[in-house]
Amino acid sequence: MKNFLIVDDHVVVRSGIKLLLSDFYADARIDEAENENYALELIKETGYDLVLLDVQMPGGDALGFMDHLKRKFPGLKVLVFTMSPEILYAKHFLQAGARGFLSKDAPLQELKNAVSRILNNGRYMSSTVAEAMTNTVGKHKDDNLFNTLTSREFEIVNLLLNGHTVSKIANILSLQVSTVGTHKSKIFEKLQIKNLLELKDLAMLYHF
């Protein structure tokens with residue numbers, strides 16, 4: 001019997017994924033969590049074969065959560081299943097330890113393939129993500145400035161775009177306010193912007 005955990009703040013989405021997984025694995029145990037804190041409680045109690053994790057949840061820090069899971073539960077398999085743009089998010093979550101990254105727009109068969117491959121100790125990414133990551137390490141110049149950010153900088157950008165202040169981000173990430181301020185300055189320099197308004201404009205340009 002397979003054990004799954006769905007981490008998503010939308011009950012309709014969780015119900016839909018649960019139904020699909022039940023079709024794929026008839027005798028599976030499928031738990032649900034609407035936020036990262038509850039998900040962590042469940043993960044501590046249960047040996048899950050696979051966690052399906054959304055990226056954008058209110059008050060959450062999915063990239064930091066993914067990094068925490070990698071450090072505390074190194075054998076845990078995570079498939080990021082989200083509406084967030086693959087081209088922006090996939091690289092960072094895969095580097096943080098996710099076994100796969102899949103868009104919620106993907107066909108049902110692709111979800112089944114992703115789950116099956118990861119359960120069999122493989123990894124999964126769409127052809128679009130695979131090509132983008134190949135280009136990043138190859139000779140092609142990447143014109144997406146967000147891909148120049150480190151995982152920590154990317155994490156802070158997400159929190160800034162969610163309306164958090166520097167002091168709040170410092171609290172969430174357990175960092176000094178000055179450290180977050182330094183990261184913010186480096187982020188603005190890399191993205192070639194001067195303020196949060198320009199950050200939001202740039203994020204919209206890249207469908208962030």
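Predicted model only: the values in this text are computed from it and were never measured.
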Answer yes or no: is there a donor N or O on one side and an acceptor on the other, between the side chain of D9 and the main chain of E34, under 3.5 Å?
no

Do Y48 and F73 have their ring centres less than 6.0 Å from each other?
no

Could you tell me whether a side-chain N or O of E155 sits under 3.5 Å from a main-chain N or O of G64, the two making a donor and an acceptor?
yes

Quick one: are the ring centres of F81 and F101 less than 6.0 Å apart?
no

Candidates F146, Y89, F93 - the one meeting ring pair (Phe, Tyr, Trp, His ring centres under 6.0 Å) with F154:
Y89

Donor-acceptor contact below 3.5 Å, side chain S22 vs main chain K18
yes

Would the distance check show the side chain of E36 and the main-chain N or O of A62 forming a donor-acceptor pair, the cut-off being under 3.5 Å?
yes

Just by modelled atom types, is the R29 backbone N or O under 3.5 Å from a matching donor or acceptor in the K2 side chain?
no

If you draw a 6.0 Å radius around NZ in K104, do more than 12 non-hydrogen atoms from other residues or ligands fall strictly inside?
yes

Exceeds 12 heavy-atom contacts within 6.0 angstrom, atom NZ of K168
no

Test item: side-chain donor near acceptor, Y38 and E32, under 3.5 Å:
no

Any heavy-atom pair between the side chains of I156 and L173 that's under 4.5 Å?
yes

